[in-house]
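The first residue in the sequence is number 1, and the count goes up from there. Heavy atoms only: backbone and side chains are in, while hydrogens, waters and symmetry mates are out.
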Amino acid sequence: MAPVLTNAHTHLELTGLAHLCPTKPMEFTRWIQALIREQALRTPADVRRSVERGIEELLAAGTTHVGDITATWLSVEPLLASGLRGIVWLEVLGLKRHEALERLEQAKAAIEQARRRPGSDTMRVGLTIHAPYSCHPDLFREGTTWCREADVPLCIHLAESPDEVTWLTRRAGPFGRLLRRLGLPVPPAPGLRPVLYLHRLGVLAARPLLVHMVQVTAEEVRLVAEAGCAVVHCPRSNFLLNCGRMPLEMYVAAGVPVYVGTDSRASSPSLDVREEVAFARPWHGDRVPAKVWDTMLSRPL
Ligand SMILES: [Zn+2]
């Protein structure tokens, strides 16, 4: 059998948006705005072509396991047929409570259906609740409860940028401008840092796979370790979107399993996790032992 090579975080449907990948670090919310604008212009055919190209790129890099997020839910079928193993998560988000919960119901039905498809034993189908700045707290509460009851894998983008922390703790910074520009409602401030916020909502109890996890304190790393969650490190995306350096050494010391992910081609120059590691090693320097990198790449998802 081929050795395991895992890319634990992709958005294959964004492969065709590689022109959005910054060439030098840029502001996170400016990048998100450009992404939202471009996504609105795409047809289902564009999305399907992107997914196919993404799968080809993964296979060319020798990838055996992938963790893919799909906002359109269109990457499920191609991934089930691809021969790749791993998890594909259907994305839900929304700050308007009623709409968000309605979308959750649709996702639950789609996941139940997809779980009966051939191939869904090796390419599992899960739910992703996008991020704390884009989702109503009840979406987290209800989505998490369902994932626990139905034994469905859960994935969340968390503690990615310093702006996310500012927004959740103080309702200040560029996220406010972004939401206003998009005409979205602003729920009351949790007044808590990202990880602590999801912990208080009961989300960590579902042991979600937590993506990015850059902006964390030692206390938050302890909570994640106690909950038994794994995390995904996307170093090139973190660097290019000005999110900072993930404190990898803290996760390693706490015994938290860490995966490597490229993120999408809209914020990473390739879908090759080995290139991700080549970039990350000098960034982290001697803070982590050399053997950590191979473990991260060869951990099946
Ligand atoms: Zn992502």
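- Side chains of S50 and E13: no donor on one and acceptor on the other come within 3.5 Å.
- For T122 (side chain) and R85 (main-chain N/O), no donor-acceptor pair under 3.5 Å exists by modelled atom type.
- What you find for C229 and P257 is that their closest heavy atoms are O-CD, 3.7 Å.
- The only option from D138, T145, T144 that meets the side-chain hydrogen bond (donor to acceptor under 3.5 Å, both in side chains) definition with R141 turns out to be D138.
- With F279 as the aromatic partner, R236 does not meet the cation-pi criteria of under 6.0 angstrom to the ring centre and within 45 degrees of the ring axis.
- Residues E38 and R42 are not paired through a salt bridge, judged by the lack of any N-O separation under 4.0 Å between the basic side chain and the carboxylate.
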Checking side-chain contact (heavy atoms from CB on, under 4.5 Å) for the pair I87/M123: CA distance, chi angles, key distance, verdict? CA-CA 5 Å; I87 308 177; M123 175 58 67; 5.5 Å; no
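- Atom CG of L192 and atom CG of L168 lie 8.5 Å apart (nearest 0.5 Å).
- Taking every heavy atom of both residues into account, C155 and T128 meet most closely at O-OG1, 2.7 Å.
- L127 and V88 end up in the same hydrophobic cluster when Ile, Leu, Val, Met, Phe, Trp and Tyr side chains are linked at under 4.5 Å.
- In this structure, the side chain of E220 engages the main chain of T217 through a donor-acceptor pair within 3.5 Å.
- Of the possible polar contacts, none joining the R30 side chain to the Q33 backbone as a donor-acceptor pair under 3.5 Å is found.
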Going through the checks in order, is the side-chain contact (heavy atoms from CB on, under 4.5 Å) test met by K96 and E102? CA-CA 10 Å; K96 296 178 182 166; E102 217 169 68; over 6 Å; no
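- From L271, atom CG reaches atom CG of L58 across 5.0 Å, with rounding to the nearest 0.5 Å.
- In this structure, the separation between CG on L79 and OG1 on T70 is 8.5 Å, given to the nearest 0.5 Å.
- In the displayed structure, R200 atom CZ is contacted under 6.0 Å by at most 12 heavy atoms of other residues, nucleotides or ligands.
- Between the side chain of R207 and the backbone N or O of G228, at least one donor-acceptor pair lies under 3.5 Å.
- Using a distance-only test at 3.5 Å, with no hydrogens or angles considered, no donor-acceptor pair links the side chain of T6 to the main chain of A8.
- Of the possible donor and acceptor atoms, one in the side chain of T43 sits under 3.5 Å from a partner among the backbone N and O of D46.
- Side-chain atoms of S237 never come within 3.5 Å of backbone atoms of C234 as a donor-acceptor pair (strictly under, hydrogens ignored).
- Between R265 and E57 a salt bridge is recorded (basic side-chain N to carboxylate O distance below 4.0 Å).
- Under a cut-off of 6.0 angstrom, the local environment of CZ in F239 is sparse, with at most 12 non-hydrogen atoms contributed by other residues, nucleotides or ligands.
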Set out, in order, the CA-CA distance, both residues' side-chain angles and the distance that settles side-chain contact (heavy atoms from CB on, under 4.5 Å) for L104 and L139, then state yes or no. CA-CA 7 Å; L104 175 63; L139 182 55; 3.8 Å; yes
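- The six-membered or imidazole ring of H284 lies near that of H233, with a centre-to-centre distance under 6.0 Å.
- At a cut-off of 3.5 Å, with distance as the only test, no side-chain donor of T262 or E276 sits close to an acceptor on the other residue.
- For the pair L301 and L209, the minimum side-chain heavy-atom distance is below 4.5 Å.
- For the pair V51/T15, no side-chain contact is recorded, criterion being any heavy-atom separation below 4.5 Å from C-beta on.
- In this structure, T63 contributes its side chain and L59 its backbone to no donor-acceptor pair below 3.5 Å.
- Cation-pi geometry between R171 and W167 is satisfied (NZ or CZ under 6.0 Å from the ring centre, within 45° of the ring normal).
- Here CG of L90 is found 13.5 Å from NZ of K108. Values are rounded to the nearest 0.5 Å.
- Within a 6.0 Å radius of CG in D121, more than 12 heavy atoms belonging to other residues, nucleotides or ligands are found.
- Listed for the T64 side chain is a donor-acceptor partner under 3.5 Å among the backbone atoms of L5.
- No path of Ile, Leu, Val, Met, Phe, Trp and Tyr side chains, each step under 4.5 Å between heavy atoms, connects W283 with V232, placing them in separate hydrophobic clusters.
- A continuous path of hydrophobic side-chain contacts links L223 to L201 [ILVMFWY only; heavy atoms under 4.5 Å].
- Within 6.0 Å of the CD atom in Q113, the count of heavy atoms belonging to other residues, nucleotides or ligands does not exceed 12.
- For NE2 of H98, the number of neighbouring non-hydrogen atoms (other residues, nucleotides, ligands) closer than 6.0 Å is 12 at most.
- A side-chain donor-acceptor contact under 3.5 Å links S264 to the backbone of A266.
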Could you go step by step and tell me if E275 and S270 meet the side-chain hydrogen bond (donor to acceptor under 3.5 Å, both in side chains) rule? CA-CA 8 Å; E275 292 175 11; S270 76; 2.7 Å; yes
S161 vs E164, side-chain hydrogen bond (donor to acceptor under 3.5 Å, both in side chains): CA-CA, chis, key distance, verdict: CA-CA 5 Å; S161 65; E164 179 180 332; 4.7 Å; no
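- No side-chain heavy atom of T166 sits under 4.5 Å from any side-chain heavy atom of Q215.
- Between E56 and R53, none of the side-chain N atoms (NZ, or NE/NH1/NH2) sits under 4.0 Å from a carboxylate O, so this pair counts as no salt bridge.
- Hydrophobic clustering, with ILVMFWY side chains joined whenever heavy atoms are under 4.5 angstrom apart, groups L12 together with L84.
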M213 and V195: side-chain contact (heavy atoms from CB on, under 4.5 Å), yes or no, with the steps? CA-CA 8 Å; M213 297 296 281; V195 175; 3.8 Å; yes
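- The environment of R222 atom CZ is dense: over 12 non-hydrogen atoms of other residues, nucleotides or ligands sit within 6.0 angstrom.
- Residues forming a side chain to side chain contact (heavy atoms under 4.5 Å, CB included) with H130 (at least two apart in sequence, or on another chain): E91, L93, Y133, S134, C135, H157.
- Y259 and L154 are members of different hydrophobic clusters when ILVMFWY side chains are connected at heavy-atom separations under 4.5 Å.
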If you apply the rule side-chain hydrogen bond (donor to acceptor under 3.5 Å, both in side chains), what do you find for H212 with N238, and how did you get there? CA-CA 8 Å; H212 297 304; N238 294 157; 3.1 Å; yes
For the pair S268 and D263, evaluate side-chain hydrogen bond (donor to acceptor under 3.5 Å, both in side chains) and give the outcome as yes or no after the intermediate values. CA-CA 6 Å; S268 186; D263 219 329; over 6 Å; no
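- Of all non-hydrogen atoms in P153 and C147, the two that sit nearest each other are O-SG, 4.4 Å.
- Taking each heavy atom of F175 and D163 in turn, the nearest pair found is CD1-O, 3.5 Å.
- For the pair R49 and E52, the salt-bridge criterion is not met [side-chain N within less than 4.0 Å of a carboxylate O].
- Minimum interatomic distance between M246 and Y251 (heavy atoms only, all atoms of both residues): CG-CE1, 3.8 Å.
- Nearest heavy-atom pair, A280 versus P235, reported as atom, atom and distance to 0.1 Å: CB-CG, 3.6 Å.
- Taking the six-membered ring wherever Trp is involved, the centroid distance between the rings of W89 and H9 does not fall below 6.0 Å.
- Salt-bridge annotation for E77 and R48: absent, with no side-chain N of the basic residue lying under 4.0 Å from a carboxylate O of the acidic one.
- Legend: residues meeting side chain to side chain donor-acceptor pair (under 3.5 Å) with R115, ordered by chain and number and at least two apart, are absent.
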